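Each remark here refers to the structure printed beneath this line.
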Amino acid sequence: MKKEEIKELSIQELQAQIEAAEKAYRELKVAHAITPSDNPAKITRDRRHIARLKTVLRQKEIAQAAPAAK
């Protein structure tokens, strides 16, 4: 998913994406611990993707809370 596509998602969609990505990441880590993966760089890519999702989610939460604070 590209950054532009991530920014277009709603807060609920972002939370669902984060949950699914974290589950897949945990499964990949366990599988890699048992049998080394063919592409260990995927672990890093997945971790960074989760971080991007969380960053955009936090930005949206802050933007949503800013008008309410005024």
Side-chain angles (χ1 to χ4, degrees):
M1 223 176 197
K2 296 187 179 192
K3 285 192 283 186
E4 295 80 24
E5 294 171 347
I6 293 172
K7 289 181 181 182
E8 293 173 1
L9 297 174
S10 69
I11 291 177
Q12 292 80 17
E13 291 171 332
L14 281 169
Q15 290 170 337
Q17 287 277 331
I18 290 169
E19 187 176 311
E22 285 179 337
K23 182 179 181 212
Y25 175 72
R26 282 191 305 269
E27 290 173 1
L28 182 63
K29 287 282 286 181
V30 169
H32 181 68
I34 296 169
T35 306
S37 176
D38 293 338
N39 187 4
K42 184 170 178 5
I43 296 170
T44 304
R45 278 199 320 264
D46 286 356
R47 188 175 63 242
R48 288 180 180 172
H49 179 67
I50 292 168
R52 281 187 196 98
L53 289 170
K54 286 183 176 183
T55 299
V56 172
L57 175 64
R58 185 67 182 135
Q59 288 172 344
K60 287 183 181 249
E61 288 173 344
I62 290 171
Q64 190 178 36
K70 290 184 180 180

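Just so it is clear, the model here is predicted, and its values are computed rather than measured. For reference, positions follow the sequence shown, starting with 1.
Judged purely by atom type and a 3.5 angstrom limit, Lys3 has no side-chain atom pairing as donor or acceptor with the backbone of Arg52.
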Donor-acceptor list for residues 13-24 side chains, cut-off 3.5 Å, not counting sequence neighbours:
{"unit_1": "Glu13", "atom_1": "OE1", "unit_2": "Ser10", "atom_2": "N", "d": "2.9"}
{"unit_1": "Glu13", "atom_1": "OE1", "unit_2": "Ser10", "atom_2": "OG", "d": "3.4"}
{"unit_1": "Glu22", "atom_1": "OE2", "unit_2": "Lys54", "atom_2": "NZ", "d": "2.9"}

Please list every donor-acceptor pair under 3.5 Å in which a side-chain atom of residues 26-40 meets a protein atom from a residue at least two apart or in another chain.
{"unit_1": "His32", "atom_1": "ND1", "unit_2": "Ser37", "atom_2": "N", "d": "2.9"}
{"unit_1": "Ser37", "atom_1": "OG", "unit_2": "Asn39", "atom_2": "N", "d": "3.2"}
{"unit_1": "Asn39", "atom_1": "OD1", "unit_2": "Ala41", "atom_2": "N", "d": "3.4"}

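Atom CD1 of Ile6 and atom OG1 of Thr55 lie 9.5 Å apart (nearest 0.5 Å). Taking CD1 from Ile11 and CZ from Arg58, the interatomic distance works out to 10.5 Å, rounded to the nearest 0.5 Å.
Lys7 is linked by a side chain to side chain donor-acceptor pair (under 3.5 Å) to nothing, counting only residues two or more places apart in sequence or in another chain. Remark: Arg47 pairs with no residue by the salt bridge (Lys or Arg N to Asp or Glu O under 4.0 Å) rule, at least two apart or across chains.
By the neighbour-count criterion of 12 heavy atoms within 6.0 Å, atom CD of Glu5 is densely surrounded, having more than that number from other residues, nucleotides or ligands.
Exactly one of His49, Arg48, Lys42 qualifies for a side chain to side chain donor-acceptor pair (under 3.5 Å) with Asp46. That residue is Lys42.
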